[in-house]
Enquirer: 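Before anything else, here's the structure in question.
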Amino acid sequence: MEALLSLIIGVLTACGVYLMLRGRSFPVVLGLTLLSYAVNVFLFAMGRLTIGQPPIIREGISQYTDPLPQALVLTAIVISFGMTAFAIVLALKARAELGNDHVDGRES
Amino acid sequence: MTTHLVIAPILLPLLSGILLLLLRRITVRWQRGLGLLALLAQVSVAVILLQHVLDGPLQVYALGNWQAPFGIVLVADPLAAWMVLITALLGLFALLYACQGADRAGRHFHVLFQLQLFGLQGAFLTGDLFNLFVFFEILLLASYGLLLHGSGPQRTRAGLHFVVINLAGSTLFLFAVGTLYGVFGTLNMADLAVQIRQVTPEQIGLVRLAGLLLFGVFALKAALVPLHLWLPAAYSAATAPVAALFVIMTKVGAYGILRLDTLLYGQGAAADLLDAWLLPLALTTLVLGTLGVMASTALRRQIAWLVVLSVGSLLTAFALGGVNGIAAGLYYLPHTCFAGGAFFLLADSIARRRVDAGDRFAPNGVLVDRRLLGGLFFILALLVAGLPPLSGFVGKFLILRAALDSPAIAWVLAIVLGGGLLTIIALARSGSVLFYRSVPGDNPAEKRSQAARRLSTELLPVGGLVLLCLVLVIGAGPVDAVTRTIAEQLLQPEIYIRAVLGGSGT
């Protein structure tokens, strides 16, 4: 499972970086989204991968999963969600004001 | 009361921001009054906080009474209190300028302004790495809104670049935080500092990687070469008071680098993390900043490059290290914030009076009120270029003195002094174009009535910031003593660690 997860994070990051270097604003926003997915999975994996264990202390249980990365990921998801929404609105605004969707505002 | 003092600089702007949002239907006059009142309160709180931490021990505030390292703590050490005070003062004068009409160019200016301060003060005071990320996001989100304040294609284009590069930076920040958590299982900065000292050989690669990632993120915020390219376009496109406030944003990056270098990677096997990088990059920033200042064709862009230049000087001081280097940097920091902020405000006043050319270095009709504007321009140019007898000179002198016992002294001397000389030449050139090279045109008297109504009130914030720089010169002795205290404390991270973690820290 570790290999699969790291492969996923790697592919997501690579795609995100590639798309972010594109010249049109829509691929750039998509790239940012993919990057934030990658970092969310990465944060989640940093609490080590455990299956079927509770994150809250209970009687008679000795194996737990780390609850902190889950809280971190939740925060990171909310922030990246808001930021993506903002970036989309800004890209639309740029499209309307500059007349095209190139990130520099001019056709090359 | 003292125990809650630490959180006051964060709560004040947050609550006033929320209040201004709820009261958004009240008249502009009331909004301005409330905003200014909030900032006055922040300045007073910042002064009290600085006094407290200079006289007494560090103030640690455990949020929700969850003790470190399990809960999030706010830590007011002298460095944090110093930064909080500088931010509040700069914010006060920037807002004072905005209240003369710039705040009406778009909606929710006052709300965003307070939230920006909320993010800044939080970033300085927090003692938790993930919390630092959250405060970075808050200040960035507010800055996106402020940068776009007033609209226009120029701002939208600069805004898009600014947002995208900062989102990429945030992602890197999260990767770094995640790696550190994965290795140590803690995010409390004091706890991390303890664990990084005792790092085992098999962990050290990951730990250095995370540290360098963090350095990259802070370098991006500080506009350190080669991550500086976003700054000139963004800062020159922003409204004047916003640009003035943004001057402190690059210093957040510098603050992060200083914390990284002294606290997190202060001692132990990974302590040489930034040695190979910081000084060469800072000096390169100085060189490229100087070239940018020379090559600019408009005043606002030139000032934006001066901000890049000042980041170079500041980080050179921090890279030289030791009590002398850090204290020199901490003296230079408020000077460059106040002078840079005042310069952005003055550039706006000048540009609005040059009806044809704006802030471009091109001939224009005779400038109304050129004496007062020109006089202020002259003083600010002296300040920024670092000529005696003003605070820029004292700052540069302290930096050069710190360089005396460094092996790189030849490089530092040559680049800092050469950069200063070229800055003087560039500013003399722009001043002569702005104020002397006039073309005969329309009669200035008719513009006088509309453009120069309230010049003296308009320039009040600029004068205030210049006055603060003068205070830095006249009080150079006491200020130097304060920055030395801060630097000495930074070089003894045990004090910070013991204050946060209790006796177990050492």
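Per chain, numbering begins at 1; letters A, B, ... match sequence-line order.
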Enquirer: Of all the heavy-atom pairs spanning Leu43(A) and Gly178(B), show the shortest one and how long it is.
Expert: CD2-CA, 3.5 Å
Enquirer: Heavy atoms, side chains only, cut-off 4.5 Å: are Phe175(B) and Thr13(A) in contact?
Expert: yes
Enquirer: Under a 4.5 Å heavy-atom cut-off, does chain A meet the side chain of Thr179(B), its backbone, both or neither?
Expert: both
Enquirer: Quick check against the 3.5 Å criterion: does Arg48(A) have a side-chain atom that pairs as donor or acceptor with the backbone of Gly182(B)?
Expert: yes
Enquirer: Where does Leu172(B) contact chain A at under 4.5 Å (heavy atoms): side chain, backbone, both or neither?
Expert: neither
Enquirer: When you compare the side chain of Leu32(A) with that of Val164(B), does any pair of heavy atoms fall below 4.5 Å?
Expert: yes
Enquirer: Run the side chain to side chain contact (heavy atoms under 4.5 Å, CB included) check on Phe133(B) and Thr75(A) step by step: do they pass?
Expert: CA-CA 10 Å; Phe133(B) 163 76; Thr75(A) 317; 5.7 Å; no
Enquirer: Which pair of non-hydrogen atoms, one from Ala87(A) and one from Leu167(B), has the smallest distance, and what is that distance?
Expert: CB-CD1, 4.2 Å
Enquirer: With a 4.5 angstrom heavy-atom cut-off, could you sort out which part of Met20(A) is near chain B: side chain, backbone, both or neither?
Expert: side chain
Enquirer: Any idea which heavy atoms bring Asp104(A) and Arg157(B) closest together, and the distance?
Expert: O-CD, 2.9 Å
Enquirer: Side chains of Leu174(B) and Leu72(A): does their closest heavy-atom pair fall under 4.5 Å?
Expert: no
Enquirer: Identify which part of Leu187(B) has an atom lying under 4.5 Å from any heavy atom of chain A, answering side chain, backbone, both or neither.
Expert: side chain
Enquirer: Specify the closest pair of heavy atoms between Val103(A) and His161(B), including all atoms of both residues, with the distance to one decimal.
Expert: O-NE2, 2.9 Å
Enquirer: What heavy-atom pair brings Met46(A) and Tyr181(B) nearest, and what distance separates the two atoms?
Expert: O-CD2, 4.1 Å
Enquirer: Can you name the nearest heavy-atom pair linking Ala94(A) to Thr156(B), along with the distance?
Expert: CA-CG2, 3.5 Å
